[in-house]
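Each chain gets a letter, A, B and so on, in the order its sequence line appears, and its residues count up from 1. Excluded from the calculations below are hydrogen atoms, water molecules and symmetry mates; all remaining heavy atoms, backbone and side chain alike, are included. What you are looking at is a predicted structure, and each value in this text was computed from that prediction instead of being measured.
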Amino acid sequence: MPAARAVQVLLPVALDRALTYAVPEGMVVEPGDVVVAPLGSRSSIGVVWDGAPEAVEGARLKAIEAVVAAAPFPDAMRRFVDWIADYTLSPKGQVLRMALRGLAEEGEAKPKFGLRATGARPARMTPARERALAVAADGTARAKPRLAEAAGVSPSVLDGLVAEGALEIVELEPPAPPPGPDPSRPGPTLTPHQQHAAEALRRTVADRAFRVVLLDGVTGSGKTEVYCEAAAEALRQGRQALVMAPEIALTVPFLDRFARRFGARPAVWHASVGESGRAAVRRGVADGSIKAVVAARSGLFLPFRDLALIVVDEEHDGAYKQEDGVAYNARDMAVVRGRLEGAPVVLASATPSLETRINADRGRYARLVLPSRFGERAMPEIAAVDMRREGPPRGQWLAPRLVSAVTETLAAGEQALLFLNRRGYAPLTLCRRCGHRMKCPNCSAWLVEHRFRASLVCHHCGHSGPSPRACPSCAAEDSMVALGPGVERIRDEAAERFPEARVSILSSDLIGGGERLAAELDAIERGEVDIVVGTQMVTKGHHFPKLTFVGAVDADFALGAADPRAGERTFQTLQQVTGRAGRGDRPGRALLQTFDPDHPAIRALVAGDREGFYAVEAKAREAALMPPFGRLAAVIVSGPDRAAVEAHGRALARAAPKVEQVRVLGPAEAPLAMVRGRHRMRLLAQSPRAVDLPGYMRDWLAAAPPARGALRVAVDIDPQSFL
DNA sequence: TGTTTCCGATAC
DNA sequence: TATCGGAAACAA
């Protein structure tokens with residue numbers, strides 16, 4: 001009897017290795033095939049992985065149950081999953097789970113039924129029946145709600161007609177797939193600078209080789225049009241393009257820009273796309289019928305069949321970081337994917353992240369700079385308002401200088417934007433009597449008052465409850481006071497200060513959802529609003545032609561946090577927000593209300609010195625050994641025995657050839673370092689015994705096993721050094 | 001003694 | 001991650 005064949009199967013559970021399964025007689029499987037395999041008491045979907053099957057004691061080997069009729073998981077994707085698991089120190093199976101999203105949901109397409117006229121007349125005629133039959137008379141089949149709406153009758157009228165044989169239930173044809181994007185449509189007219197950049201990207205795509213290009217252009221320089229030409233080149237070759245954007249930017253206007261270029265909306269992939277939509281996109285991407293996808297970060301795990309280009313728009317955006325589960329930065333992983341697919345990657349931003357700039361400076365990435373369309377002075381004139389010296393009177397939030405700037409703007413018949421990165425009415429509610437602060441019962445964050453909804457909301461977990469009349473702690477009546485401003489409060493103050501102005505709020509939790517937001521944006525664009533009070537939302541898409549003044553109500557919003565990237569974030573956000581001011585023919589103005597006018601980020605904004613700011617930040621980052629400077633930026637070994645801890649740190653440094661620098665920190669410093677690294681620093685092992693690391697780190701630690709008393713190891717690694 | 005809850009080991 | 005089983009905790 002011949003030995004049963006066996007293969008490795010990776011399952012989408014938190015297991016770090018593939019399991020060995022027997023292949024039943026007559027079944028043929030190749031690496032990449034999607035199969036169903038028994039796991040414990042249940043069955044799971046899985047992917048046949050590379051590698052020789054391990055010897056498992058005969059009796060324990062279970063057999064694959066079935067091969068799933070889905071496109072096989074491409075080779076590059078398998079290596080991508082392996083790479084990410086290795087780099088992020090997560091179980092392979094957990095990474096696979098992300099890459100299989102949309103597949104599990106994929107079922108048989110359920111047939112849909114509709115109604116069609118039979119030609120028969122019902123015994124009794126009514127006006128409603130007349131209307132229904134008149135609409136149905138053309139002989140086409142329609143879904144019941146559609147027919148009812150078209151005829152202006154209730155669905156039960158149609159039921160009656162079915163019962164009497166005047167309408168029949170027929171299976172509806174599945175809707176024709178929407179037309180694909182058409183790259184041969186004429187593109188927009190590009191400026192010479194755009195044309196030059198677009199041509200460079202077109203050539204890069206045509207070269208069919210991995211390469212990273214930073215597309216660096218200020219707001220309004222037309223980056224989208226430029227990378228769309230790169231996508232057009234990919235489509236002309238009959239290959240696929242992936243455009244990634246932060247979730248919040250995936251709005252209808254954003255998609256419409258693609259529609260205008262290509263004559264069709266691209267396929268969309270993000271969290272709020274339903275299950276059936278996901279299954280359809282995944283299938284289309286895998287079989288090659290979908291050529292262009294616009295996606296949030298999770299779209300990076302779609303199994304493209306022939307990927308020719310990845311664009312990461314707004315590459316500096318923090319939304320690319322996934323923090324829970326597998327921790328990764330989709331911008332970096334896009335670069336990895338591009339390398340594995342042999343496809344170019346375009347990183348686009350008006351305010352590139354420091355990491356990306358350094359990579360460009362060092363020649364790892366190419367750089368294309370798009371100057372503004374509007375000549376030299378496109379950047380608005382920015383000044384700081386020192387809130388310590390010229391702040392508003394108590395109980396108000398708009399400084400006199402800012403108020404007069406808004407007055408002038410309105411007098412000129414132009415629009416003003418008041419930017420505040422805080423939703424709701426007030427970020428903190430406390431009791432005047434006993435000092436009790438309203439905290440979220442689930443997550444210890446302050447509850448934010450939303451006066452319009454009359455509730456207190458946790459912006460962390462979504463918990464929400466009514467605003468209390470009496471203090472929950474000391475029961476004092478009417479003692480609760482709102483502390484600090486949110487956009488709602490600024491709106492109230494603006495309405496009071498400028499009673500004749502039309503004031504509007506732009507915030508992600510606008511009552512009425514996406515439609516209301518779109519309507520609000522349109523109104524602003526048409527100039528029907530004088531003062532816009534908005535959160536970070538205002539930086540995304542949409543051009544406001546009449547906007548000439550921007551006031552940052554709290555320019556220090558990020559500076560208080562113990563986040564080493566706070567300065568960079570402040571600079572980037574304020575640069576983007578203030579960049580919205582200005583009309584085609586002249587630059588706008590901006591005022592930054594700050595308590596720290598000497599902060600490097602604020603000073604750089606006022607001086608318009610982007611390069612100087614980045615130079616200073618780069619130095620600070622290098623000193624802190626943060627990416628992209630430290631290959632292995634920090635090893636933290638913490639434990640009771642300081643000598644053992646340091647010995648292990650040194651041994652680890654010797655054992656790890658790719659490590660440029662190692663820091664050994666004592667237990668007290670370890671928590672600080674963990675915060676510093678945030679997304680890249682991971683706890684590797686909690687005890688020497690539990691050291692079970694993937695890939696390269698396992699090798700390092702094998703050469704330098706943790707000493708007794710050395711309990712923790714954390715690392716911070718630049719992915720570029722492992723490409 | 002039966003029942004519930006928690007936690008760690010395990011999955012081929 | 002999902003599940004299982006053993007140990008401990010609990011009620012009577």
Side-chain angles (χ1 to χ4, degrees), chain A residues 1-68 70 72-73 77-78 80-107 271 275 278-279 282 297-298 300-303 322-328 333 442 461 679 682-695 698 711-712:
Chain A
M1 184 168 159
R5 238 167 48 78
V7 291
Q8 296 282 88
V9 177
L10 188 62
L11 301 158
V13 299
L15 267 170
D16 198 33
R17 61 201 172 81
L19 300 181
T20 308
Y21 285 90
V23 181
E25 197 76 26
M27 182 184 281
V28 181
V29 292
E30 299 282 340
D33 282 345
V34 182
V35 297
V36 178
L39 179 69
S41 59
R42 66 214 152 101
S43 294
S44 169
I45 198 166
V47 176
V48 179
W49 220 246
D50 307 280
E54 290 169 21
V56 177
E57 300 93 283
R60 301 213 310 157
L61 206 62
K62 293 187 187 174
I64 292 172
E65 289 166 354
V67 179
V68 176
F73 205 70
M77 276 305 284
R78 271 175 280 140
F80 188 49
V81 168
D82 285 341
W83 199 97
I84 290 194
D86 203 35
Y87 174 67
T88 63
L89 312 176
S90 334
K92 279 187 168 75
Q94 212 181 330
V95 179
L96 180 70
R97 168 183 282 263
M98 300 193 292
L100 288 182
R101 275 214 289 184
L103 189 81
E105 293 94 332
E106 193 172 1
E275 286 187 3
R278 276 177 190 227
R282 190 178 197 284
R297 62 183 178 216
S298 59
L300 195 57
F301 293 94
L302 283 168
Q322 166 124 75
E323 309 245 69
D324 39 31
V326 179
Y328 66 92
M333 297 310 121
N442 308 327
C461 68
H679 66 297
R682 299 290 303 259
L683 191 66
L684 295 191
Q686 303 206 1
S687 75
R689 197 177 54 79
V691 172
D692 177 22
L693 304 175
R698 200 166 4 214
L711 297 182
R712 284 190 191 145

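Following rounding to the nearest Å, Arg101(A) (CZ) and dT1(C) (C1') show an atom-to-atom distance of 15 Å. Rounded to whole Å, the distance from CG on Asp16(A) to C1' on dT1(C) is 13 Å. Spacing between atom CG of Leu100(A) and atom P of dT1(C) amounts to 15 Å, rounded to whole angstrom units.
The line from CZ of Phe73(A) to CZ of Arg78(A) is 8.5 Å long, rounded to the nearest 0.5 Å.
Side chain of Arg17(A) to backbone of Lys92(A): no donor-acceptor contact under 3.5 angstrom is found. Not a single donor-acceptor pair under 3.5 Å links the side chain of Arg5(A) to the backbone N or O of Glu25(A).
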Output one line per pair: protein atom, nucleotide atom from nucleotides 10-12 of chain B, and distance, for all N/O pairs under 3.5 Å.
| unit_1 | atom_1 | unit_2 | atom_2 | d |
| --- | --- | --- | --- | --- |
| dA11(B) | OP1 | Arg60(A) | NH1 | 2.5 |
| dC12(B) | OP1 | Gly40(A) | N | 3.0 |
| dC12(B) | OP1 | Lys62(A) | NZ | 2.5 |
| dC12(B) | O3' | Thr20(A) | O | 2.9 |
| dC12(B) | O3' | Lys62(A) | N | 2.5 |
| dC12(B) | O3' | Lys62(A) | O | 3.3 |
| dC12(B) | O2 | Thr20(A) | N | 3.0 |
| dC12(B) | N4 | Arg17(A) | NH2 | 2.9 |

- Message: If you apply the rule side-chain contact (heavy atoms from CB on, under 4.5 Å), what do you find for Phe301(A) with Val326(A), and how did you get there?
- Response: CA-CA 13 Å; Phe301(A) 293 94; Val326(A) 179; over 6 Å; no
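Sorted by first then second residue, the side-chain hydrogen bond (donor to acceptor under 3.5 Å, both in side chains) pairs that include residues 31-48 of chain A, not counting sequence neighbours, are Ser43(A)-Glu65(A).
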